[in-house]
Number of protein chains: 2
Amino acid sequence: MSQTASIKDVATHAQVAVGTVSNVLNYPDRVSQRTKERVLKSIAELGFVRNDAARQLRAGQSRTIGLIVLDVGNPFFSSVARAAEDAAAALGSVVLVGDSGQDSSREAHYMDLFQEQRVQGLLISPVGDVSGRIDTLRERGVPTVLVDELADTDRCSSVSVDDQEGGYLAAKHLLDTGRRRLAFVGTPTIRQVASRLKGAQRAVGEVTGASIEVLDSAGQTVLAGRQVGNKLVERSPEKRPEAVFCSNDLLALGVMQSLTMLRTVRIPEDIALIGYDDIDFAISAVVPLSSIRQPTEALGRTAIELLAEEQESGGTKHRSVVFTPELVVRQSTAGA
Amino acid sequence: MSQTASIKDVATHAQVAVGTVSNVLNYPDRVSQRTKERVLKSIAELGFVRNDAARQLRAGQSRTIGLIVLDVGNPFFSSVARAAEDAAAALGSVVLVGDSGQDSSREAHYMDLFQEQRVQGLLISPVGDVSGRIDTLRERGVPTVLVDELADTDRCSSVSVDDQEGGYLAAKHLLDTGRRRLAFVGTPTIRQVASRLKGAQRAVGEVTGASIEVLDSAGQTVLAGRQVGNKLVERSPEKRPEAVFCSNDLLALGVMQSLTMLRTVRIPEDIALIGYDDIDFAISAVVPLSSIRQPTEALGRTAIELLAEEQESGGTKHRSVVFTPELVVRQSTAGA
DNA sequence: CGTAACAAATGAAACGATTCAAAGACGAGT
DNA sequence: ACTCGTCTTTGAATCGTTTCATTTGTTACG
């Protein structure tokens, strides 16, 4: 009684066979009203709870989907995760979230863990090149969908946002408002960041006399942004850029904190600032932050849809969905 | 080959017994160097991956800890969750996060789910009164720790922060800066919110001529805050409160958005504003937001520690840890 | 009354790991 | 040569479900 009852205990208590109890649970139509009631009564009395491990073992597969993100603390990813969870719940699945923290070994750790759990499928925002491992997974029947990263359509599915276009939009906007000396803040070792930078450089290339310098940040957090901001403040005013494009909003908010802390720099008059992701907090920043909005909700939902397609096709058909980002102009980049 | 190999396949391939393979995996010391190497080679060649479901079934318990929070989108909870995950990882466990969204039925759903998974234990920020269910869980050998909620020490363990004290600190601070007509924004149906309100009312009671009105918000989000803020703006200036205490930072940021949108209200001159939680974004708000800081990191870590204690004692010994919140003063409540 | 047709209930056989009592191998000591 | 002790290895039993070929029960019909 103290410990959990098994289906066998229920069967004994209700005076039926174990198969019947299982049928009550999984195929109620196959069981007569009378016995069904009796079994359900026993289940309630014994406080029986299905043992999922046993069910999975028999089924050979869990009802779990693994999701590996680069940083759950980043509202962009938590939003994608939430959308994925909701979409999965509608299919009767549960999403397990792993945070790689942009570290390949933690990423590998979660991939191993999810394999042991025999997840239905894997959604992953890869840190480095994981194509080899994904091939292995596919061979083993674990469909995989890349999230926020474009894939070869002949290898696996993916949902992503056109980062280069986003970077272009951001830089173009800064240039359109008259700024010429731009700076880019981020860690270009991350693919998304590199693409955004590339897009920005393309926009700069289209305007004569425009330039963009790259400021490498130690991470993609508010704190890292604050550090970069401090360095900017230390520079003599004429050496500061006229506009700063940060590879995400956390960095941008950090930079903003540093710049506004000392009252010598004004945003957007002295330095315009634009971020990326358009997280909820961007609008309520010291100076409402311009940003590039990504459809997080659609990303998460579509990732689950593609995973379902992969499963149905047995991992043979792949599809890539690319969303287009959108410029959101606020006060931080108001006309010079 | 395409599908995953079992321990039996490995045994056949390496020409040893299944028990030996298991020993290589779990008790490497019991196996001779020679066979160990042979088995490991076979494991690599067959691409064997342990089936966690089978292991759990045999073990009778998973290496998973369930965590049910009120809102993962709230940085307060995501921070607690992260700390718990890190602490659990150190013990070789994984944390599964469920979001109740302050809805009892979703909360119940996750409790059922976690029971089916035979989690090691449960950490929960309860929506309503779950003491009955927790008693049931304890009987079934699932230790539970309340998070952000004080428990009867003779029933289960808990980690929390003194919400009444936090509410008192916030209101006291507003009163200390000369404000008298206060407003409280939140949904007092949630226990934490009710306690914070109670603390605030105590502070108000200590000052003659001070008053506090309660503005019920539809939720605890930025959006809900914005709605309350809009109502405040609609009021004639003399009917507006002199200071607003929001039950969390999301609400406060929402209120701030509404108030600053129309340029008629100045923060802190016309209305002072203080939030709760001191999330990372509070400092970079339009007007840097005063708040009540809670030790999220310690909450998550301690929750796991208490769970471990519960497990060791077999669910007989309970302990409650209460942290003290801390006032963080920023510009949004600068002297009147 | 016999039997065909269908519905309901049965229970043994998986699933894949871990455990543990027992057997086997080997060297040392007498 | 024999026994004892130590170190390895073995393989059947077990965990709690689901599945499915069979059996049992019931009704309808010629």
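Chain identifiers are assigned alphabetically (A, B, ...) following the order of the sequence lines, protein sequences preceding nucleic acid strands; residue numbering begins at 1 within each chain. Note that these values count all heavy atoms, side chains included, but never hydrogens, waters or copies made by symmetry.
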For A:Asp29 and B:Leu25, find the nucleotide of DNA chain C closest to each by heavy atoms; which residue's nucleotide sits nearer the 5' end?
A:Asp29
Test item: side-chain donor near acceptor, B:Ser157 and B:Glu310, under 3.5 Å
yes
Send over the distance from A:Asn26 CG to D:dG16 P, rounded to a whole Å.
17 Å
Rounded distance (Å) that lies between atom P of C:dA17 and atom CD of A:Gln115
13 Å
Can you tell me if A:Arg50 touches the phosphate of D:dT18, counting only side-chain N or O atoms and a distance under 4.0 Å to OP1 or OP2?
yes
Do you see a donor-acceptor pair shorter than 3.5 Å between the side chains of B:Glu149 and B:Ser125?
no
Please determine if B:Asp163 and B:Arg191 form a salt bridge, counting it only when a charged side-chain N lies under 4.0 Å from a carboxylate O.
yes
Reckon B:Val16 touches a base, only the sugar-phosphate, or nothing at all at heavy-atom distances under 4.0 Å?
sugar-phosphate
Round to the nearest Å and state the distance from A:Arg38 atom CZ to C:dA8 atom C1'.
12 Å
Report the distance from atom CG of A:Asn23 to atom P of D:dA21, rounded to the nearest whole Å.
14 Å
Nearest whole Å is fine: how far is D:dT17 P from B:Gln56 CD?
14 Å
Does OP1 or OP2 of C:dA9 have a side-chain N or O of A:Thr20 closer than 4.0 Å?
no
A quick test of your reading: do over 12 heavy atoms of other residues, nucleotides or ligands sit less than 6.0 Å from CD of B:Gln15?
no
When you check the phosphate oxygens OP1 and OP2 of C:dA17, does a side-chain N or O of B:Asn51 lie under 4.0 Å from one of them?
no
Can you check the B:Lys8 NZ to D:dA12 C1' distance for me, whole Å?
11 Å
B:Val18 has a side chain; which of C:dT18, C:dG16, D:dT17 sits nearest to it?
C:dT18
5′-ward residue of the pair B:Gly19/B:Arg118 relative to DNA chain D:
B:Gly19
Under 4.0 angstrom, heavy atoms only, what part of the nucleic acid is A:Asp52 near: base, sugar-phosphate, or nothing?
nothing
Would B:Gln102 and B:Asp71 count as having a side-chain donor-acceptor pair, cut-off 3.5 Å?
no
OP1 or OP2 of D:dC7 less than 4.0 angstrom from a side-chain nitrogen or oxygen of B:Ser32, does that happen here?
no
Could you tell me, to 10°, how much the axis swings from one end of the helix from C:dC1-D:dG30 to C:dT30-D:dA1 to the other, five pairs per end?
60°
A:Gln117 CD - C:dA17 P separation (whole Å)
14 Å
Identify whether the distance between the nearest side-chain nitrogen and carboxylate oxygen of A:Asp29 and A:Lys36 falls below 4.0 Å.
no
Close side-chain approach of A:Phe77 and A:Val97, heavy atoms under 4.5 Å:
no
Closest-nucleotide mapping onto DNA chain C: is B:Arg30 or B:Ala54 further toward the 5' terminus? I mean the 5' end.
B:Ala54
Give a yes/no answer on whether the side chain of A:Tyr27 brings an N or O atom under 4.0 Å of OP1 or OP2 in D:dT19.
yes
Euclidean distance, atom CD of residue A:Gln15 to atom P of C:dT10 [Å, nearest integer]:
10 Å
Check if the side chain of A:Arg58 and the base of D:dT18 share a donor-acceptor pair of N or O atoms closer than 3.5 Å.
yes
With sequence neighbours left out, write down each residue that passes side-chain hydrogen bond (donor to acceptor under 3.5 Å, both in side chains) with B:Ser131, or none if nothing qualifies.
B:Asp129
Where each residue is assigned the nucleotide of DNA chain D containing its nearest heavy atom, which of B:Arg34 and A:Leu57 is assigned the position nearer the 5′ end?
B:Arg34
If only side-chain N and O atoms of B:Ser6 are considered, is one of them under 4.0 Å from the OP1 or OP2 phosphate oxygen of C:dC15?
no
Just call it for B:Gly60: base, sugar-phosphate, or nothing, with non-hydrogen atoms closer than 4.0 Å on any strand.
nothing
